[in-house]
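Heads up: the structure comes next, in structure tokens.
Proteins come first, then strands; the chains are lettered A, B, ... in the order of their sequence lines, and each starts at number 1.
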Amino acid sequence: MRRLPRRLALAALVLASVGLTGAGEVAWESRTLPAEPGPHWIWVGDVLLRRAALVDADAGAFRGMVPGGVGIIAPTRSRDGREIYLPSTYYSRGTRGDRTDVVSILDATSLLPLGEVVIPPKRSEHTSWVAGSALSDDGRFLAVFNLTPATSLSIVDVVERRLVGEVDTPGCSLVYAAGPRRFLSLCADGTALAVTLDGSGQEASKVRSERFFDPVADPVTEKAVRRGDEWLFVSFEGYVHPVDVSGGSLRVGDPWSLLDDADREGAWRVGGMQPIALHGPSGELYALVHQGGVDTHKDPGTEVWVYDLARRARVRRVELRNPMASFAADQLGLAPGSLAARAVVLALDLVLPNRGVERIAVTQDPAPLLLTATGFPATLGVYDARGGTHLRDVKEVGIATSLLALP
Amino acid sequence: MRRLPRRLALAALVLASVGLTGAGEVAWESRTLPAEPGPHWIWVGDVLLRRAALVDADAGAFRGMVPGGVGIIAPTRSRDGREIYLPSTYYSRGTRGDRTDVVSILDATSLLPLGEVVIPPKRSEHTSWVAGSALSDDGRFLAVFNLTPATSLSIVDVVERRLVGEVDTPGCSLVYAAGPRRFLSLCADGTALAVTLDGSGQEASKVRSERFFDPVADPVTEKAVRRGDEWLFVSFEGYVHPVDVSGGSLRVGDPWSLLDDADREGAWRVGGMQPIALHGPSGELYALVHQGGVDTHKDPGTEVWVYDLARRARVRRVELRNPMASFAADQLGLAPGSLAARAVVLALDLVLPNRGVERIAVTQDPAPLLLTATGFPATLGVYDARGGTHLRDVKEVGIATSLLALP
Amino acid sequence: MAERSIDGWLEATARRLARTTSRRGFLARVGSALLGAAALPLLPVSRASGEEARPPAPDDSKLAGALGDPSSCDYWRHCSIDGFLSSCCGGTHTSCPPGTEMSRVTWIGTCRNPADGKDYIISYNDCCGNSFCGRCLCNRNEGDRPVYLTGKANDINWCMGTKTTAYNSTVAIVLGVATSSS
Amino acid sequence: MAERSIDGWLEATARRLARTTSRRGFLARVGSALLGAAALPLLPVSRASGEEARPPAPDDSKLAGALGDPSSCDYWRHCSIDGFLSSCCGGTHTSCPPGTEMSRVTWIGTCRNPADGKDYIISYNDCCGNSFCGRCLCNRNEGDRPVYLTGKANDINWCMGTKTTAYNSTVAIVLGVATSSS
């Protein structure tokens with residue numbers, strides 16, 4: 001027995017050396033990503049595969065993926081671009097046993113773990129996952145929204161990699177970055193709450209906005225977009241409520257409507273799981289719309305309407321293709337472009353109603369792409385955001401898409 | 001603060017009592033299963049949903065499910081029918097962190113956990129999952145096959161719920177029940193190894209069979225069936241190799257062929273991930289077959305051929321339907337039987353080649369069902385095993401089917 | 001109006017509990033359980049005496065087709081559900097499948113029964129502690145509200161106060177007749 | 001015959017390692033790594049001197065369409081693969097995707113290159129430590145053998161000796177020309 005290790009070690013040397021000469025072309029090191037993500041890359045989360053895939057929408061290719069746990073995951077990039085923060089939940093026995101919530105810290109180029117911070121095991125799981133966590137503008141603190149249903153924020157110092165505390169947000173939910181060390185939440189009484197942290201991540205102050213929406217008559221959804229110091233919240237009935245977070249107090253702007261009388265006449269309505277997107281450089285707002293009645297605020301959309309925020313006016317309409325037809329042909333293993341594939345797509349286009357898509361995202365470059373996603377089955381469509389032409393579908397993007405997030 | 005708990009406790013009493021009067025029809029207790037599973041029930045494992053669903057093939061309904069971990073799970077019922085044993089693998093961070101392998105012990109009627117036994121974290125993961133674990137005929141010991149690629153068996157005493165040891169099986173893999181306290185493995189040299197345990201679960205003896213197949217020219221697959229004291233192993237080329245495990249030594253029977261010259265002329269071949277099934281009472285063997293060349297031993301099958309083991313003769317051929325057409329119509333949300341659905345099914349039946357199914361199982365009652373499964377997309381077909389007529393498809397059976405197992 | 005005032009009371013309770021229970025695992029769970037129990041009775045449910053005391057769930061057999069079929073997304077009780085139907089997963093519309101645990105904390109919907117034309121308060125309890133069921137996914141949003149209006153948000157994983165928060169499926173339980181329509 | 005005798009030697013090594021390493025976690029892992037290393041060179045790979053010493057992988061550009069496309073299941077090197085193609089998952093056919101770790105322990109296939117008609121020894125290394133890639137699932141079984149003929153079984157999760165055994169995808173690496181055909 002005592003001689004065994006030596007024998008193995010010896011063998012290891014011999015075999016390893018021979019082994020290397022044999023494997024000339026192998027790259028033992030895994031691929032790494034460039035320091036800067038491509039302008040047309042997008043994270044596509046998946047509830048069943050429990051990962052977020054980094055998709056290159058130009059090539060229709062994967063660049064990598066990060067694994068997560070139970071529930072839905074949203075990768076957040078550090079301000080210096082070097083790290084990725086990933087709040088996730090795990091059970092010691094899959095769906096049973098002890099629950100552990102962590103913020104995983106990954107290297108942004110290798111996508112390998114650098115460390116983790118254990119947080120209170122009560123982070124919220126909600127279907128849209130929008131506003132489930134936020135990184136402060138100074139890049140120092142990550143806030144994770146807890147719902148038990150008692151509401152609070154877990155505050156993680158991502159530089160020191162430790163949990164610095166928890167801030168109660170009674171009656172207020174979700175979390176949005178709103179300043180160097182400030183986070184915004186939406187409250188049940190139609191106001192917003194801003195929590196400001198001190199240098200150590202402890203609660204320094206809380207300010208409440210005036211009541212800027214009617215939570216009973218026409219609540220705003222959590223699916224908001226931010227432009228500079230302004231958050232834009234869109235209500236069920238299609239009104240945009242601006243909230244300026246630049247000052248010490250929260251300044252609420254006048255609401256304006258995405259829908260004119262004719263639109264409402266036609267029962268057009270904003271809806272979906274991620275129905276709002278912003279192209280910052282041009283100041284254009286993208287809204288996913290469908291025709292439906294009250295309570296269809298989460299129904300998928302068949303068109304995307306584009307607005308000039310400066311003029312508060314609609315400038316374009318993009319009609320979306322039926323994502324299911326090509327998906328079916330693809331999944332059935334019919335060769336793309338083959339006669340069979342075209343026949344199936346045709347047949348399906350005839351019999352299938354276009355149920356639309358649930359999520360949209362827009363890249364932030366000068367030649368932006370509009371990305372459209374269905375949840376289950378999972379599809380990802382790629383459009384020219386300006387021209388509105390359909391460019392391609394990304395095949396096999398996943399099983400059950402959760403969040404679309406820009407890297 | 002000190003008064004808080006009392007206030008909560010008080011409120012609890014009040015609210016709870018009112019609550020019950022308000023919720024007259026709610027059943028707080030979850031459903032439980034009958035002591036005896038239905039004759040037409042089947043476990044359908046799923047790699048992505050990480051569970052095995054108990055499916056009632058008559059109703060096309062679920063009766064319950066058990067969750068598992070990474071890899072593929074195979075529920076095993078205790079001999080007294082009261083418990084379910086489930087070898088599974090978990091990571092502390094989903095797909096990363098520390099690995100823990102356990103045999104979960106579940107109540108067979110509530111499907112809730114009763115306990116678990118931690119085993120060495122090296123259980124084998126292989127695609128078919130056939131022969132990954134086995135329960136001794138006396139119901140006392142569960143053996144789990146380890147592959148690192150060093151091969152061994154972890155032995156769990158399911159009565160005392162503890163790991164009793166590990167038995168090396170050098171050069172031999174997989175595990176089959178082969179007596180009160182005996183397990184069989186297949187060896188790389190064309191023999192079989194039988195490991196007999198003593199009352200405490202320690203290795204008592206090992207016997208090796210004579211060489212009964214040629215591992216290079218025509219290896220047997222691990223997808224074997226057992227009838228009484230006889231295991232039937234089928235080779236790539238369709239020869240049945242019987243191994244009798246009743247005696248102290250292993251008695252190897254003469255091989256016989258599932259294919260006659262005409263069949264081989266037509267390039268018919270046994271293939272799939274679970275291509276062999278047995279109906280014990282009638283002594284009928286079911287083999288999934290397709291037309292293909294060498295190396296198609298795992299290709300899906302389009303027909304099931306039925307053999308009378310007593311006469312070693314084929315008695316029936318069952319042609320299988322294309323499982324994808326109805327699946328597509330179903331997944332696309334077309335109302336079953338609707339014009340659109342029928343149109344799509346027709347269109348797809350025309351353009352889609354029948355790629356067949358990968359797994360079959362046969363129930364053990366006097367009016368047996370033949371169950372046919374594809375892996376991904378996941379479908380489950382139900383046939384009258386005797387008449388061969390297609391009865392129904394079970395909808396939404398899962399995402400990626402692993403093992404079919406009788407409860 | 002009555003409904004809104006009671007909602008207000010509920011939200012106040014929630015806020016109070018929130019303030020007092022955060023950062024205290026056990027109390028937080030008690031809080032959840034409380035809110036769950038609270039969510040059931042503290043709604044405009046008819047509580048007249050006599051046979052009205054426990055308003056019976058209406059008779060589904062009077063409903064033709066999907067409207068009366070608990071395994072259909074069109075079942076009348078499912079007007080505000082978001083999840084896999086327990087009755088497709090080994091349970092029923094009022095009981096969870098084997099191997100799961102019913103959450104006490106729920107969201108609430110109000111659905112009109114087409115047979116008697118009355119509005120009923122429906123409690124959508126999640127079944128927890130198992131893998132996704134994956135069958136009969138159904139999302140209808142009558143009266144659904146955003147996450148910050150917690151008690152009426154069907155987007156939330158309501159597996160709270162259960163042994164684990166892993167979501168499997170959802171039931172639809174009649175709590176009683178909504179007074180607003182009776 | 002040469003191939004079979006070397007197989008025999010490999011299996012003997014495997015058995016010896018198996019006997020000596022079972023029940024010893026660390027040594028078992030060393031054993032795995034050894035077998036991995038061993039599995040690469042100890043095959044009938046041409047080892048003539050000079051430029052033959054490291055036989056270059058053949059030029060795929062000479063192959064039309066799918067036969068020369070590493071992201072296609074029909075790529076010539078994939079004749080015995082079973083898994084998701086690394087080149088569809090953020091890697092290439094010789095390197096693993098970001099966020100994964102390549103397994104040293106592999107299974108081996110022999111694929112004929114249609115351009116030069118030679119048989120090449122292909123090592124199918126799994127990429128490990130991440131979720132399923134889920135793209136370009138490819139299962140071809142030329143020379144695939146059952147689990148008990150371990151080194152030639154593509155049904156096995158070959159994520160062994162890696163930080164975790166979670167499977168993501170698979171690469172296809174040319175080790176050299178098979179002497180049997182050169």
In terms of heavy-atom pairs under 4.5 Å with chain A, which of G90(D), C88(D), G134(D) leads?
-> G90(D)
Considering only heavy atoms and a distance below 4.5 Å, find which of P97(D), A166(D), S71(D), G129(D) pairs most often with chain A.
-> P97(D)
Do [X] and [Y] come close enough that some side-chain heavy atom pair is under 4.5 Å?
{"X": "C133(D)", "Y": "M65(A)", "value": "yes"}
{"X": "L112(A)", "Y": "K163(D)", "value": "no"}
{"X": "V26(A)", "Y": "T94(D)", "value": "no"}
{"X": "N130(D)", "Y": "P67(A)", "value": "yes"}

Which bit of [X] comes within less than 4.5 Å of chain A, counting heavy atoms only: side chain, backbone, both or neither?
{"X": "C127(D)", "answer": "neither"}
{"X": "A172(D)", "answer": "backbone"}
{"X": "S103(D)", "answer": "backbone"}

What option among R63(A), R51(A), E396(A), R31(A) has the most heavy-atom pairs under 4.5 Å with chain D?
-> R31(A)
Evaluate whether atom CD of E29(A) has more than 12 neighbouring non-hydrogen atoms of other residues, nucleotides or ligands under 6.0 angstrom away.
-> no
Answer yes or no: is there an ion pair linking R77(D) with E25(A), defined by an N-O contact shorter than 4.0 Å?
-> yes
